[in-house]
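Before any comments, here is the structure.
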Amino acid sequence: MELTGWLLLAAVLVLATAAAYLLGRRKPRGESLNDTLFELSPDPSILVDTDGIICQANHASCKLLGYNEGQLNGQPVDILVPEGIRAQHRHLISLFFSTTGERRMANRIWVHDAQGRKINAEIHLSLVQISGKPMALATIRDTSALWKEERKLREQRKAYDELFELSSVGICTVSLGGRFLRVNRHLCEFLGYSREELIELCFQDITHPDDLDADVSNVNDLLKGVGSSYSMEKRYKTSDGRFLWANLTVTLIRDEQDFPDYFISVIQDIGDRKQSESLLQQSEVKFRTIAETIQSVVWMSSPGIERILFINPAYESIWGRSCDSLYERPQSFIEGIHPEDRQKVIQEIEQHKSGSWEVRYRVVHPRRGVRYVYDTGKGVRNGKGQLEYVIGLATDITDSVEAQMELERSLKKEKEATERLNQLVRTDALTGCLNRQALYEELEGQLALYRRYKTPSSILFIDLNDFKEINDTYGHIAGDDALRALAEHIRSHIRSTDILARYAGDEFVVILPQSNVREASMAMRNLRANVLSHSTQAGDFPVHFSIGLAYVGYPDVKDSSSWIEVADQAMYLDKAANSHGRKRKLRKTADASLTAEAGQSEPASQASADTAGPAPSQAEPGSEPAQRSE
């Protein structure tokens with residue numbers, strides 16, 4: 001028993017020694033494993049010490065930033081930060097290491113790669129302890145694609161807001177209960193309400209009582225899932241109590257879970273068309289009344305009208321001549337025919353001898369003036385097939401002709417009203433150019449020609465420079481005048497076959513059909529060579545604009561949107577190359593204007609120096625493009 005106890009004690013000591021040895025071996029092995037995991041992590045990661053020095057950068061970070069393996073180690077982290085925010089970045093590093101508590105941060109920033117290009121990224125920072133030293137573990141996630149999508153989404157939202165507000169038809173969003181949530185300017189003008197007044201109303205409040213049931217029924221059908229939209233003609237009550245006809249198109253918008261969310265309504269004024277329809281109905285009623293009460297001349301004659309066999313009293317009413325005179329001289333009716341139509345009737349008499357007669361002509365009545373007559377006849381033959389006489393009917397169709405003319409005038413008026421409406425839908429109200437919707441339709445047409453026939457086409461993207469400064473300095477009326485002047489300037493220096501459209505705010509697009517890059521460049525130089533000036537109280541000053549060119553055959557041009565985007569990017573390069581000197585000239589002109597208005601006596605150059613604001617900050621290399629001035 002005593003020997004057995006000693007043996008057990010020896011075994012325990014051996015196992016303890018082995019465990020201690022294994023524990024000692026595992027620690028460096030664990031550190032090696034952790035280094036391996038850091039190096040092979042798919043997320044770009046770097047370790048930065050309290051002095052802002054990169055201690056270690058894994059393979060994924062070197063690949064993302066364009067550095068060789070180990071090239072980042074020992075480098076200050078500032079080389080990854082845009083120069084303009086390096087001072088702020090150093091302060092943030094100090095603040096990160098000096099604060100207490102759990103330190104985890106996530107920020108969206110721009111990161112410079114080895115070639116100096118900017119990468120939009122999201123940085124996740126964590127405080128870690130490495131060999132007893134505090135370090136910042138920065139995980140970099142490339143969000144360039146997300147940034148582009150966000151920018152595209154912002155542009156789409158901006159375009160939607162502009163289309164909503166600037167549309168030439170009424171547009172509104174309506175809650176499921178019928179209350180107006182958002183209304184555009186055209187709808188307010190159409191109904192005569194302010195935005196605030198309409199927001200307090202429901203569509204039921206301004207719908208004609210006779211149209212309300214049908215409208216509500218259509219809304220309920222949408223909510224039940226019967227279709228996604230409906231269209232109807234209805235009457236709206238204006239602020240002054242009148243009722244106006246409009247065509248209403250309602251679309252139900254559903255949320256992510258396919259539940260009804262709200263309605264979008266498009267309200268188009270059809271008052272002119274309704275008036276045309278009313279005139280058309282009046283013309284039809286008048287025509288039916290004329291047709292029911294018409295008086296016709298019934299006549300019977302020998303072939304060739306050598307002898308009149310019968311004539312009814314309607315002849316006297318239409319010709320204003322006696323029936324006896326016609327019996328005495330059978331062809332005296334020709335004397336009552338309008339001089340311009342007599343030869344036609346004389347030639348038709350030859351057909352009369354063969355038993356057929358059909359002609360239209362005018363009769364000059366002594367008292368009633370010109371009458372329109374439709375004269376037709378058929379021959380009557382005997383048993384031998386010989387033509388014995390002709391029976392005819394001369395109908396006074398003056399009323400029907402005039403009714404037809406009135407109908408044509410009504411149709412013409414309706415057509416003109418429709419054309420005006422279509423023109424309004426496609427035209428920008430401020431400049432008279434095509435609007436954005438019409439621009440995209442024209443671009444699609446040019447793309448279709450290029451895809452099918454390789455027909456060349458180019459566009460010029462034109463932006464009015466310093467538009468915000470013009471508005472701020474001279475007022476929005478002057479800004480509108482500048483936009484109209486720019487549109488007229490462009491229109492007067494392009495071909496009649498070219499198409500000018502207002503894209504958004506102070507941006508215009510010129511479509512140059514059947515123009516290659518060389519021809520489009522010539523058009524662009526022609527626009528630049530002719531300086532546009534704007535008049536103020538201080539005098540005239542040149543209004544500058546930037547131009548970008550894009551050809552339909554560029555590889556990046558896939559559709560209308562990408563075509564415009566390529567031209568837009570080219571325009572921004574042009575704007576960046578000429579922005580500094582132009583802003584300084586505009587500021588001097590504005591200061592001179594202020595000096596003239598205040599009646600100051602010092603020279604304009606001195607006044608400009610005294611009243612000029614601080615110089616504009618220089619854009620950082622690779623920084624985000626400046627926001628468009630609206």
Side-chain angles (χ1 to χ4, degrees), residues 156-278 417-418 420-422 424-430 435-437 476 630:
Q156 289 175 345
R157 182 53 187 256
K158 178 183 176 183
Y160 170 78
D161 290 341
E162 291 175 349
L163 177 63
F164 182 93
E165 185 59 32
L166 300 178
S167 176
S168 57
V169 296
I171 304 177
C172 60
T173 57
V174 183
S175 70
L176 299 182
R179 184 171 296 278
F180 291 106
L181 302 175
R182 183 182 179 188
V183 295
N184 73 345
R185 173 183 54 82
H186 190 276
L187 182 60
C188 294
E189 293 175 353
F190 174 57
L191 297 177
Y193 294 96
S194 66
R195 295 179 191 270
E196 293 74 14
E197 290 172 334
L198 272 180
I199 294 299
E200 295 297 324
L201 299 175
C202 298
F203 78 86
Q204 296 92 329
D205 298 329
I206 59 174
T207 299
H208 193 284
D210 295 342
D211 301 331
L212 184 57
D213 289 343
D215 201 3
V216 172
S217 177
N218 287 328
V219 169
N220 290 334
D221 287 342
L222 290 184
L223 295 175
K224 292 175 183 177
V226 181
S228 60
S229 66
Y230 72 87
S231 182
M232 65 175 293
E233 294 180 359
K234 59 178 285 189
R235 287 158 289 184
Y236 282 93
K237 184 178 181 181
T238 65
S239 60
D240 57 4
R242 295 178 297 118
F243 284 96
L244 300 178
W245 278 100
N247 185 79
L248 169 66
T249 301
V250 179
T251 301
L252 176 62
I253 305 300
R254 297 179 176 272
D255 60 16
E256 295 81 358
Q257 298 180 355
D258 202 34
F259 289 111
D261 196 1
Y262 61 92
F263 300 99
I264 293 181
S265 299
V266 177
I267 301 167
Q268 185 175 359
D269 182 8
I270 59 171
D272 290 341
R273 180 165 66 82
K274 280 295 183 179
Q275 184 179 5
S276 298
E277 290 177 356
S278 177
T418 302
R420 287 197 302 271
L421 179 61
N422 291 335
L424 288 174
V425 171
R426 289 172 52 85
T427 303
D428 174 59
L430 177 63
N435 58 23
R436 189 181 186 126
Q437 176 183 352
H476 289 279
E630 297 301 334

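Please read all numbers here as calculations on a predicted model, not as lab measurements. Residue indices begin at 1 and follow the sequence shown.
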Handout entry: Gap between atom CG of Asp428 and atom CZ of Arg436 - 0.5 Å precision
Key = 12.0 Å
Handout entry: Full working for side-chain contact (heavy atoms from CB on, under 4.5 Å) between Val250 and Asn218
Key = CA-CA 9 Å; Val250 179; Asn218 287 328; over 6 Å; no
Completion exercise
Taken to the nearest 0.5 Å, the spacing of Leu212 CG from Phe203 CZ works out to 6.5 Å
Fill in the blank from the handout: Nearest heavy-atom approach of Asn247 to Ser231 is ND2-OG, 3.4 Å
Completion exercise
Between the CG atom in Leu248 and the SG atom in Cys172, the distance rounded to the nearest 0.5 Å is 8.0 Å
Fill in the blank from the handout: Separation between CE (Met232) and OG1 (Thr249), nearest 0.5 Å, reads 10.5 Å
Practice task
Answer yes or no: is there a donor N or O on one side and an acceptor on the other, between the side chain of Asn435 and the main chain of Val425, under 3.5 Å?
Solution key: yes
Problem - Non-neighbouring partners of Ser228 that pass side chain to side chain contact (heavy atoms under 4.5 Å, CB included), sequence neighbours left out - result: none
Handout entry: Spatial distance of atom NZ (Lys237) from atom CG (Leu244) [nearest 0.5 Å]
Key = 12.5 Å
Please tabulate, for the side chains in residues 260-269, all donor-acceptor contacts under 3.5 angstrom to protein atoms that are two or more places apart in sequence or on a different chain.
from: Asp269; atom 1: OD1; to: Gly271; atom 2: N; distance (Å): 2.9

Handout entry: For Gln257, side chain to side chain contact (heavy atoms under 4.5 Å, CB included) partners two or more places apart
Key = Asp255, Phe259
Exercise for the section: Applying side-chain contact (heavy atoms from CB on, under 4.5 Å), run through Tyr193 and Ile206 and close with a yes or a no. Expected result: CA-CA 11 Å; Tyr193 294 96; Ile206 59 174; 3.8 Å; yes
Fill in the blank from the handout: Rounding to 0.5 Å, atoms CD1 (Ile253) and CG (Leu222) come to a distance of 10.5 Å
Could you go through residues 180-192 and list every donor-acceptor pair under 3.5 Å that involves a side-chain atom there, pairing it with any protein atom two or more places apart or in another chain?
from: Arg182; atom 1: NH1; to: Asp161; atom 2: OD1; distance (Å): 3.4
from: Arg182; atom 1: NH2; to: Asp161; atom 2: OD1; distance (Å): 3.4
from: Asn184; atom 1: OD1; to: Ile171; atom 2: N; distance (Å): 3.1
from: Asn184; atom 1: OD1; to: Leu187; atom 2: N; distance (Å): 3.1
from: Asn184; atom 1: ND2; to: Phe164; atom 2: O; distance (Å): 3.0
from: Asn184; atom 1: ND2; to: Val169; atom 2: O; distance (Å): 3.0
from: Arg185; atom 1: NH1; to: Glu189; atom 2: OE1; distance (Å): 3.4
from: Arg185; atom 1: NH1; to: Glu189; atom 2: OE2; distance (Å): 3.2
from: His186; atom 1: ND1; to: Gly170; atom 2: N; distance (Å): 3.4
from: His186; atom 1: NE2; to: Ser168; atom 2: O; distance (Å): 2.9

Exercise for the section: State which residues pass side chain to side chain contact (heavy atoms under 4.5 Å, CB included) with Ser229; sequence neighbours excluded, sorted by chain then number. Expected result: Thr251
Handout entry: salt bridge (charged side-chain N to carboxylate O under 4.0 Å, His left out) pairs, two or more places apart, involving residues 191-209
Key = Glu165-Arg195
Exercise for the section: State which residue, out of Asp221, Asp213, Asn220, Val219, fulfils the side chain to side chain contact (heavy atoms under 4.5 Å, CB included) condition with Ser217. Expected result: Asp221
Exercise for the section: State, yes or no, whether a side-chain contact exists between Tyr230 and Asp215 at a heavy-atom distance under 4.5 Å. Expected result: yes
Problem - For the student: nearest non-hydrogen atoms of Asp210 and Arg235, plus distance - result: CB-NH2, 3.5 Å
